[in-house]
Amino acid sequence: LTQKLTMVKSRIPWSTSTGEQFTFEYEITRNRSASSVKNVRGTIYHLTSSSSSSSSSGNAASEDNAARPRDGAATAANSTEETPTTATATRSPTKKLKREQEVGYFTGYELRRGANGNKNFHNHADAASSELQDFACSLFDHRGELSRAPRSCGIRSILHMDGSMFLIEMMEIKPQFRGRDLGIRLLHQYLSQPDVARRVGLVVMFPWALALSFLEYAESKEYLRREREGKNENQEVDLARNNTLKLRRQYSRMGFQAVDNTPDWVDKWWMSMKKYKTMKPDDIEREWLSKEEALGLDIPMPARKHVCSTHDTALKELFQSLKPDPYADQIADRVDGLRREMEGLRDMVQNLTRTMVAEYTGTQLSNNEVASVSAPIDELISMTGGVASSRGSKLTGEKKAEIQQLVDQGADLRGINALHLAASMYKTNDLFDLLIDTHEMNMEQFDDIGRRPLHVAACCSNIDAVRILLAKGAEKNGKNAEGQTALEEMNGSQGRMDDFTRAMLGGAMGGGEAFYKIRALLLG
């Protein structure tokens with residue numbers, strides 16, 4: 001079965017400038033689940049010389065067997081030298097053999113597009129790999145035409161007749177062999193093969209450093225464990241991002257680039273095969289950026305996702321406790337009215353008491369005596385004070401002290417998007433003063449999905465937060481990661497709601513009073 005699935009197997013020797021010898025081996029096999037998909041694996045072997053000699057003793061023979069090269073390995077020319085004979089054994093001339101050690105690999109999938117399209121493009125991509133399916137469905141229509149890519153991206157110029165899409169799934173190099181450009185050379189040599197260059201039109205990848213669970217080599221796993229030793233979760237996130245940034249710089253040297261620097265596309269990278277179709281491999285390699293030049297590139301990276309510590313979680317819960325109660329203002333208004341009525345009743349009882357006592361006894365009651373008569377009413381009035389106080393800020397001095405304590409213990413206000421949380425539900429100045437003025441939080445900072453605080457306030461219909469942020473200098477025309485202003489995102493959100501209500505109820509509800517007030521603020 002393996003022989004039937006194997007289509008092509010090739011080996012290419014390569015040497016470094018210092019004389020180190022490697023062999024690049026490539027194997028292309030048919031995918032069992034999808035006829036228009038080929039599985040590709042490239043493997044790097046490091047060649048080392050070892051000396052062995054035969055002996056009449058059993059131990060010497062065993063050593064010779066252990067030193068034999070793997071099947072297909074190259075063997076250096078034999079060299080002989082005289083060795084003294086002894087009474088116990090006679091040795092044959094020493095031979096220098098080439099031993100191969102696997103030091104790296106990549107795996108990938110080639111999905112045929114075809115001159116006339118591929119009607120199974122999406123189905124076969126889905127059958128082969130989730131990553132292949134992601135690229136196929138996000139960039140291409142069902143026949144393999146690049147119709148869904150951003151219009152500003154050069155990837156749209158690659159036509160289906162230019163060739164297949166080749167996805168690099170994984171690449172791993174053993175730690176002791178990193179820094180020698182082995183990974184990009186392994187890929188370059190594969191793409192340079194005439195059959196591959198003719199057949200493939202587009203190369204794509206998700207350039208992220210491999211997680212521990214995906215590593216194949218024991219040396220790589222141990223190296224990553226040592227790197228992560230003693231680090232907390234957020235430090236591990238930073239380590240993975242740093243390794244990914246290095247990886248993206250390396251691929252950028254070959255000409256890879258992000259489809260677009262937006263959340264939906266920043267992790268999807270591509271490279272055209274045009275050079276490989278028209279230029280010699282050595283000429284292509286001479287056009288690569290140097291490592292120093294790559295350091296000057298602005299490498300697109302997604303927004304950093306914060307991993308919450310226990311202190312972060314406690315801080316988020318504290319902010320949630322500051323959220324105004326639903327309908328608190330309406331309840332408070334009604335309680336205020338009831339309290340005013342009871343205060344009027346108390347005054348009336350006190351006046352009536354004074355008048356009746358003076359009229360029937362001829363004495364005047366003291367203020368304390370009059371107050372004792374209306375004491376039950378005063379008690380009821382005091383009970384309404386707690387309900388009425390639910391109006392407005394819940395940020396007491398005690399709460400401020402709790403926030404500062406958690407920050408001192410390591411809680412990250414920016415990591416939990418504290419200003420965005422406030423923009424979504426808080427309605428008074430004091431919390432915004434604390435975050436913006438005291439803790440110097442940036443009003444233009446993106447959250448995990450690329451929104452600014454003003455965008456959040458507008459989309460949550462929090463007119464008070466919109467007013468406060470604008471008064472503090474928030475950029476009215478600042479854009480989110482998708483290139484939309486707060487007004488544009490709010491209009492889009494309302495439009496989707498209208499579409500939903502039109503489909504479900506037969507008509508659009510339109511924006512409420514808060515929508516139009518916020519719209520006026522953002523247009524003013």
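Each residue takes its place number in the sequence, starting with 1.
When the side-chain contact (heavy atoms from CB on, under 4.5 Å) test is applied to R304, the partners found at least two apart in sequence or on another chain are N234, V237, D238, R241, H306. Shown here are the side-chain contact (heavy atoms from CB on, under 4.5 Å) partners of P263, two or more places apart in sequence or in another chain: A481, E482. In this structure Y217 satisfies the ring pair (Phe, Tyr, Trp, His ring centres under 6.0 Å) test together with Y105, sequence neighbours excluded. Applying the side-chain contact (heavy atoms from CB on, under 4.5 Å) rule to A211 yields the partners S213, F214; only residues at least two apart in sequence or on another chain are considered. Scanning for side-chain contact (heavy atoms from CB on, under 4.5 Å) contacts around Q193 gives S10, I12, Y26, Y190, V196, with sequence neighbours left out. With sequence neighbours left out, E285 forms a salt bridge (charged side-chain N to carboxylate O under 4.0 Å, His left out) with R185. Not a single side chain to side chain donor-acceptor pair (under 3.5 Å) links T262 to another residue, sequence neighbours left out. Listed by chain and residue number, nothing satisfies the salt bridge (charged side-chain N to carboxylate O under 4.0 Å, His left out) test with R151 (two or more places apart in sequence, or in another chain). In terms of the salt bridge (charged side-chain N to carboxylate O under 4.0 Å, His left out) criterion, residue partners of D267 (sequence neighbours excluded) are, by chain and number, R248.
Within the structure, every pair that satisfies the ring-ring contact (aromatic ring centres under 6.0 Å, His included) test and touches residues 230-251, not counting sequence neighbours, is listed here: Y251-F256. Residue pairs meeting the side chain to side chain donor-acceptor pair (under 3.5 Å) criterion with at least one member in residues 271-281, sequence neighbours excluded: H188-Y276, K275-E287. Screening residues 438-462 for ring-ring contact (aromatic ring centres under 6.0 Å, His included) gives no qualifying pairs among residues at least two apart or on separate chains.
In this structure, Q176 places its CD atom where more than 12 heavy-atom neighbours from other residues, nucleotides or ligands lie under 6.0 Å away.
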